[in-house]
Amino acid sequence: NFAALLGGKDAAFHRARRNELFTRRNTLEKAQEAAKSRAEHLSRAEGLAVREKELALAVQKEEGELALLRERLSALREKLALEAKIRSYEEERKKLREGSPCPLCGATHHPFACDAPALADASENALDKLEKETEQLSSALAGHRRDAVHAREARAEAETAAADQTNKLRQALGTLSRTLSAALSAPLPDDENAASDISEVPSSALRSETARTKGLALPTAWENEILSALTLTNGAPTLVPLLARFIEEDSAELDRAEALLKSLDEKEASGRALAENAEKLRRLYEEAQNAVQTEEKETLRLGTEKTALE
C-alpha cells in the first residue's frame, strides 16, 4: 500500500527528509575525513615526541662521553708533550756526573744518567685513535642535535595540522545539530574559555546542564555517542568507526528515501498521464457530441426545406 509507505506524511515531507539525509551524510563524511587526518597528525606528533626524547637522551649521553674523551685527549697530549720534552734533554743527560749538581734541578743523584726512562712507543698511535674517536663522536653528536631540532619542528607542524583538523571537525560536528554545537563550544568547569582540544568536551552532566541553560533539547543517543567518543582520549580512536557507522546508516536510509520518492514520482507521472488521457477522452467525447448535434441540426434543416418545397 503506497499510502502506508508514506507513513501518513506527504511528498514534501519525504523530499525534505531526503535532502536532510543527503546534507547530513556529506557533513558526516567531512567530519570523518577531518577525524582521520587529525588522528594521523596526532599519531605523527606522538611518534616525534618519543623520537625527541630518544634523541635528547642520546645527546645527553654523547655529551658526557665526549667530555670524557676530551679529558683523556688533553691528558694524553700533555703526556706526549712531557715525553717529547724528556727526549729533548738527551744531550744534557749525557753530561750528568754522579755527585755533581744537575744544571736544571740541582740534584746530585742522577738515576737516569746512563739509561733514559722507558717511554711508551704506542703514545702517538693512541693519540691518533683517540682523536678519531673524538671526531666521530663530535660528528654523531652534531647529527643528533640537528635531528632533535628537526623532530621538534616536525612535531610542532604536526600539532598545528592536528589543531587545524580539530577546528574542521568541531565545525562539521557542530553543523549536525545545535545540541552538538553547544556541547562542543561549552567551557570546561575550571576554565572560562572554550575547550581548546576536541578531547575536552564536557561530561554528560555538563552537557545536560549546557542544554538546559541554552534552552536546547537534551543530547540524543547518537549525539551522546559522538560526545562520548570524543572524551575517551585525545586521539578519539573510536570516533572514525562511529562516524563510518552513521554514514552507512544514513546512506541506507537515503537509499530508501530515494526509492520511495522514485516510486512516488513514477506514480505521480502515471497519474498525470491518466489525467491527460482522461482529458483527451473528454475532448473527444465533446467533439463527438458536437458532431452529432451538428448532424441532427443539418438533418432537421434539410427536412424543413423539403417540406416547404412540397
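Numbers here simply count residues along the sequence, with the first being 1.
Atoms CD1 and CD, on I226 and E223 in that order, are 7.5 Å from each other to the nearest 0.5 Å.
Remark: L82 pairs with I86 by the side-chain contact (heavy atoms from CB on, under 4.5 Å) rule, at least two apart or across chains. Applying the side-chain contact (heavy atoms from CB on, under 4.5 Å) rule to E29 yields the partners R25, N26, I247; only residues at least two apart in sequence or on another chain are considered. When the side chain to side chain donor-acceptor pair (under 3.5 Å) test is applied to R272, no partner is found at least two apart in sequence or on another chain. In terms of the side-chain contact (heavy atoms from CB on, under 4.5 Å) criterion, residue partners of A34 (sequence neighbours excluded) are, by chain and number, Q165, K168, L169. Under the side-chain contact (heavy atoms from CB on, under 4.5 Å) criterion, E40 pairs with no residue at all, not counting sequence neighbours. Partners of E258 under the side chain to side chain donor-acceptor pair (under 3.5 Å) rule, at least two apart in sequence or in another chain, are R18.
In the hydrophobic clustering, where aliphatic and aromatic side chains (Ile, Leu, Val, Met, Phe, Trp, Tyr) are joined below 4.5 Å either directly or transitively, L254 groups with L21, F22.
Not a single donor-acceptor pair under 3.5 Å links the side chain of S270 to the backbone N or O of E266. Under the 3.5 Å distance criterion, the side-chain polar atoms of T27 are matched with a main-chain donor or acceptor of T23. Judged purely by atom type and a 3.5 angstrom limit, E131 has no side-chain atom pairing as donor or acceptor with the backbone of D128.
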Without placing hydrogens or testing angles, list every side-chain donor-acceptor pair under 3.5 Å for residues 134-142, not counting sequence neighbours.
unit_1: T134; atom_1: OG1; unit_2: L130; atom_2: O; d: 2.8
unit_1: S138; atom_1: OG; unit_2: T134; atom_2: O; d: 2.8

Please table the atom pairs, donor to acceptor, closer than 3.5 Å between any side-chain atom in residues 58-76 and protein atoms at least two apart or in another chain.
unit_1: E62; atom_1: OE1; unit_2: H144; atom_2: ND1; d: 2.9
unit_1: E62; atom_1: OE2; unit_2: H144; atom_2: ND1; d: 2.8
unit_1: E63; atom_1: OE2; unit_2: R145; atom_2: NH2; d: 2.7

Donor-acceptor contacts, no H, no angles, side chain residues 287-296, under 3.5 Å, sequence neighbours left out:
unit_1: N290; atom_1: ND2; unit_2: E286; atom_2: O; d: 3.2
unit_1: T294; atom_1: OG1; unit_2: N290; atom_2: O; d: 2.7

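F246 and L180 fall within the same hydrophobic cluster, where Ile, Leu, Val, Met, Phe, Trp and Tyr residues are linked whenever their side-chain heavy atoms come under 4.5 Å apart, directly or through other members. Following chains of ILVMFWY side-chain contacts shorter than 4.5 Å, one cannot reach L48 starting from L42, and the two form parts of different hydrophobic clusters. Transitive grouping of hydrophobic side chains (ILVMFWY, heavy atoms separated by less than 4.5 Å) brings L242 and L184 into a common cluster.
Evaluation of the salt bridge (Lys or Arg N to Asp or Glu O under 4.0 Å) test over residues 242-257, restricted to residues two or more places apart or in two chains, returns R17-E253, R24-D250, E225-R245, R245-E249. Residue pairs satisfying the side chain to side chain donor-acceptor pair (under 3.5 Å) criterion with at least one member in residues 42-55, sequence neighbours excluded, are listed as follows: E52-R155.
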For this session: Apply side-chain contact (heavy atoms from CB on, under 4.5 Å) to K9 and H14, showing your working.
Result: CA-CA 7 Å; K9 306 293 184 181; H14 288 286; 3.6 Å; yes
Problem set entry | Derivation and outcome, salt bridge (Lys or Arg N to Asp or Glu O under 4.0 Å), residues K36 and E33 | CA-CA 5 Å; K36 284 181 178 179; E33 182 180 353; over 6 Å; no
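By the 4.0 Å N-to-carboxylate-O rule, R15 lies close enough to D265 to be salt-bridged with it.
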